[in-house]
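In this text, all values refer to a predicted model and were calculated from it rather than measured experimentally. In what follows, chains are A, B, ... by sequence order, proteins preceding strands, each numbered from 1.
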Amino acid sequence: MADYNFFDNVYDVARQIPVGRVTSYGAIANYLGTKRSSRVVGYAMQAAGSAYPPVPAHRVVNRQGLLTAKAHFGGNTMQQLLEAEGVKVINDQIQNFDKLFWDPNVELAL
DNA sequence: GCCGTGACGAAGC
DNA sequence: CGCTTCGCCACGG
């Protein structure tokens, strides 16, 4: 069987996030069938920086639409990237998060 | 090889 | 209504 690890699976889903859209760690975990492993998804994102093709980790935020990962990007890099894609971010909070929310369980389910 | 920690999330108290 | 605890998995010390 394939050597697909949780990380690889996370990367695969994250790379399918359309531009201008965002998703949550829990959503990815849920899509993988391990919604309780949302922490591992975040951990995977940490390693995503060494993954190739690069993973748009800046499009992955927490359930609140809060840029919790921006601290790991360094400064406001994450917000810059999101705004460059048309995502409004105020005070580390994504605006219209529920509209921009890209749920793999829904988008990839069909 | 055990313990602590982490980009989360939901449930419990 | 807000803080605490548990779950999950991987990795560093």
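Under the ring-ring contact (aromatic ring centres under 6.0 Å, His included) criterion, A/Phe97 pairs with A/Phe101, not counting sequence neighbours.
Note: CZ (A/Phe6) to P (C/dC9) measures 8 Å, nearest angstrom. Between A/Tyr25 atom OH and B/dG6 atom P there is a gap of 15 Å when expressed in whole angstrom units. One atom, CG of A/Leu32, and another, P of B/dC8, lie 17 Å apart when rounded to the nearest Å. Between the CG atom of A/Asn9 and the P atom of C/dC8 there is a distance of 18 Å, rounded to whole Å. Here B/dG6 presents its P atom at 19 Å from CE of A/Met45, a figure rounded to the nearest Å.
Residue A/Arg36 places its side chain closer to C/dC8 than to any other of C/dC8, C/dA10, B/dA7. When distances are taken from the side chain of A/His72 to each of B/dG6, B/dA7, C/dC8, the shortest belongs to B/dA7. Candidate nucleotides B/dA7, B/dG9, B/dG6 were compared by shortest atom distance to the side chain of A/Arg39, and B/dG6 ranks first.
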Quiz: residues 74-87 of chain A side-chain donor-acceptor pairs under 3.5 angstrom, not counting sequence neighbours:
from	atom 1	to	atom 2	distance (Å)
A/Thr77	OG1	A/Gly74	O	2.7
A/Gln79	NE2	A/Val89	O	3.3
A/Glu85	OE1	A/Arg59	NE	3.0
A/Glu85	OE2	A/His58	NE2	3.0
A/Glu85	OE2	A/Arg59	NE	3.2
A/Glu85	OE2	A/Arg59	NH2	2.9

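Interface remark: the A/Arg63 side chain does not form any donor-acceptor pair with the B/dG9 base, using a distance-only criterion of under 3.5 Å.
Comparing A/Ser38 and A/Phe7, the nucleotide of DNA chain C nearest to each residue sits closer to the 5' end for A/Ser38.
At distances below 3.5 Å, at least one donor-acceptor pair connects side-chain atoms of A/Asn62 with backbone N or O atoms of A/Leu66.
Here, B/dA7 and C/dG2 have their P atoms 24 Å apart, quoted to the whole Å. Comparing C/dC6 with B/dC3, their P atoms sit 16 Å apart, to the nearest whole Å. Taking atom P in both B/dG4 and C/dT5, one finds a spacing of 14 Å when rounded to whole Å.
Separation of atoms OH (A/Tyr25) and OG (A/Ser37) is listed at 15.0 Å; rounding is to 0.5 Å.
Residue A/Thr34 places none of its side-chain N or O atoms closer than 4.0 Å to OP1 or OP2 of C/dC9.
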